[in-house]
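Worksheet: one structure, shown below.
As the structure is a prediction and not an experimental result, all values here were calculated from the model.
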Amino acid sequence: QLQLVESGGGLVQPGGSLRLSCAASGGSLDDYSIGWFRQVPGKEREAISCISSNGANYASSVSGRFTISRDNAENMVYLQMNSLKPEDTAVYYCAAARGLCADMPGMYDYWGQGTQVTVSS
């Protein structure tokens, strides 16, 4: 059973940067597409980026500011977040899908517990 743990969240000022990490155990991330989602209270979970054997994609709201990457040797996936805005404030989740990247949370088989990102002055 694949287990995912996110880390790297915190409080950052607008314009600042954070790097989120997603660590996997119980399996190899090589076998999965890995997505990053975020959620604020009262709203649906939003897909923001995904990486697979076909490459990476980004939601328009984060394109040009966020970069997803993976280190298969370390079994890690990262989300570098630059030029952060207050509207990026959310709980961020990583998730693993046996299939290709998808925007729908239901297409993912494993989830981490989430890490809070707060962008505020």
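Residue Met107 qualifies as open at atom CE: its count of foreign heavy atoms under 6.0 Å is 12 or below.
The shortest heavy-atom contact between Cys22 and Trp36 is CB-CZ2, 3.6 Å. Smallest separation of non-hydrogen atoms from Leu84 and Leu18: CD1-N, 3.8 Å. Scanning all heavy atoms of the two residues, the minimum distance from Asp88 to Ser83 falls at OD2-O, 4.4 Å. Residue Leu20 comes nearest to Gly9 through the heavy atom pair CD2-N, 3.6 Å, listed as atom of the first residue, atom of the second, then distance. Minimum heavy-atom separation, Gly99 to Ser33: O-OG, 2.6 Å.
Both Leu2 and Ile34 are assigned to one and the same hydrophobic cluster, defined by single-linkage of ILVMFWY side chains at heavy-atom distances under 4.5 Å. One hydrophobic cluster, built from ILVMFWY side chains closer than 4.5 Å, cannot hold both Ile51 and Tyr108; they sit in different ones. Each of Val117 and Met76 belongs to its own hydrophobic cluster when Ile, Leu, Val, Met, Phe, Trp and Tyr are linked at side-chain heavy-atom distances under 4.5 angstrom.
You'll find the side chain of Ile48 reaches within 4.5 Å of the side chain of Tyr92, heavy atoms only. Side-chain contact between Ile68 and Tyr78 is absent, with no heavy-atom pair separated by less than 4.5 Å. Using a 4.5 Å heavy-atom cutoff, the side chains of Pro105 and Glu44 are not in contact. Side-chain contact between Val119 and Met81 is absent, with no heavy-atom pair separated by less than 4.5 Å. Contact check for Glu6 versus Gln113: side-chain heavy atoms found under the 4.5 Å cut-off. Counting only heavy atoms from C-beta outward, the side chains of Thr115 and Tyr93 never approach each other to under 4.5 Å. Contact annotation: the side chain of Asn75 approaches that of Ser28 to within less than 4.5 Å [non-hydrogen atoms, C-beta and beyond]. Using a 4.5 Å heavy-atom threshold, the side chains of Val12 and Thr118 count as separate.
Between Trp111 and Phe37, a ring centre-to-centre spacing shorter than 6.0 Å is recorded.
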For side-chain contact (heavy atoms from CB on, under 4.5 Å), just list the numbers for Glu87 and Ser61, CA-CA rounded to whole Å, side-chain angles, deciding distance to a tenth of an Å, and then say yes or no.
CA-CA 10 Å; Glu87 52 264 43; Ser61 58; over 6 Å; no

Test side-chain contact (heavy atoms from CB on, under 4.5 Å) on Leu11 and Ser120 and set out the steps.
CA-CA 7 Å; Leu11 173 64; Ser120 175; 4.2 Å; yes

Show the numbers, then the answer: is there a side-chain contact (heavy atoms from CB on, under 4.5 Å) between Leu79 and Arg19?
CA-CA 6 Å; Leu79 186 68; Arg19 189 178 78 156; over 6 Å; no

In sequence, state the C-alpha distance, the side-chain angles, and the governing distance for Thr89 and Gln116, and then conclude on side-chain contact (heavy atoms from CB on, under 4.5 Å).
CA-CA 8 Å; Thr89 296; Gln116 176 71 46; 4.0 Å; yes

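Separation of atoms OG (Ser69) and CD (Gln80) is listed at 8.0 Å; rounding is to 0.5 Å.
Note on ring orientation: taking the six-membered ring where Trp is involved, the planes of Tyr110 and Tyr32 are perpendicular (angle over 60°, cut-offs 30° and 60°).
At distances below 3.5 Å, at least one donor-acceptor pair connects side-chain atoms of Ser49 with backbone N or O atoms of Asn57. Using modelled atom types, no side-chain atom of Asn82 and backbone atom of Gly16 make a donor-acceptor pair closer than 3.5 Å.
Asp30 has no carboxylate O lying under 4.0 Å from a charged side-chain N of Arg70, or vice versa, which leaves the two without a salt bridge.
Residues passing the salt bridge (Lys or Arg N to Asp or Glu O under 4.0 Å) test with Glu74, sequence neighbours excluded: none.
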